[in-house]
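Working notes for the structure below.
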Amino acid sequence: MTTRATDQAEQPADLNAPYFNIREAAWVMRISVKTLRRRITAGRISVSRDTEGGRITVSREAIDQYFRAMQVHSVSTARSSRPRQHAAAA
């Protein structure tokens, strides 16, 4: 009999499912279950529970929302219209 580690991410049977358990959500997000739990605790990912203290369910929408919030936006590299002051040549 083999046992599965609770902190081991696992591929979901249906990648297009609307909800995932915590191990499946970690696999979809390509992070560890531990990291996912930390982000849930920090309030960065919203989850549902079947009962108080029960099984955690992460929606596809919550995962998509997390990735949208984490997108890095490029900083404008527009130059100032003011010319740069160079040090005088010695």
Side-chain angles (χ1 to χ4, degrees):
M1 178 177 175
T2 60
T3 58
R4 187 178 313 151
T6 56
D7 282 347
Q8 181 69 38
E10 69 179 36
Q11 183 175 0
D14 180 7
L15 290 174
N16 296 313
Y19 296 96
F20 301 101
N21 67 38
I22 197 160
R23 291 191 314 267
E24 293 170 339
W27 189 91
V28 169
M29 297 174 77
R30 296 179 183 238
I31 59 177
S32 71
V33 172
K34 245 181 183 177
T35 298
L36 178 55
R37 288 183 188 279
R38 284 193 301 267
R39 291 179 184 171
I40 291 168
T41 301
R44 295 168 76 187
I45 301 171
S46 57
V47 296
S48 303
R49 291 183 184 264
D50 0 5
T51 59
E52 185 61 36
R55 176 194 215 142
I56 296 172
T57 304
V58 184
S59 70
R60 163 67 69 183
E61 178 57 34
I63 293 170
D64 293 343
Q65 193 172 43
Y66 172 78
F67 280 122
R68 282 192 302 273
M70 294 282 93
Q71 284 181 344
V72 176
H73 300 284
S74 64
V75 177
S76 174
T77 56
R79 295 188 178 206
S80 170
S81 60
R82 217 170 104 189
R84 239 183 198 175
Q85 297 294 324
H86 294 284

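Just so you know, these numbers use all the heavy atoms, side chains as well, and skip hydrogens, waters and symmetry mates.
Residue R30 qualifies as open at atom CZ: its count of foreign heavy atoms under 6.0 Å is 12 or below. Within 6.0 Å of the OH atom in Y66, the count of heavy atoms belonging to other residues, nucleotides or ligands exceeds 12.
Nearest approach of S46 to V58, heavy atoms of both residues: O-CG1, 4.4 Å. A9 and V33 get closest at one heavy-atom pair: N-CG2, 3.9 Å. Closest heavy-atom contact between L15 and W27: CD2-CZ3, 3.4 Å. Looking at every heavy atom in both residues, A13 comes nearest to E24 through N-OE2, 4.4 Å.
Residue I56 holds its CD1 atom at 10.5 Å from CD1 of I45, rounded to the nearest 0.5 Å. Note that CG of D14 and CZ of F20 are 7.0 Å apart. Values are rounded to the nearest 0.5 Å. Atoms CZ and CG, on R55 and N21 in that order, are 6.0 Å from each other to the nearest 0.5 Å. In this structure, the separation between CE on M29 and CE on M70 is 9.5 Å, given to the nearest 0.5 Å.
Hydrophobic clustering (side-chain heavy atoms under 4.5 Å, transitive across Ile, Leu, Val, Met, Phe, Trp, Tyr) groups V47 together with L36. In terms of hydrophobic clustering, with Ile, Leu, Val, Met, Phe, Trp and Tyr side chains grouped at heavy-atom distances under 4.5 Å, I31 and I22 are assigned to a common cluster.
A donor atom on one side chain and an acceptor atom on the other are not found under 3.5 Å apart for T41 and R38.
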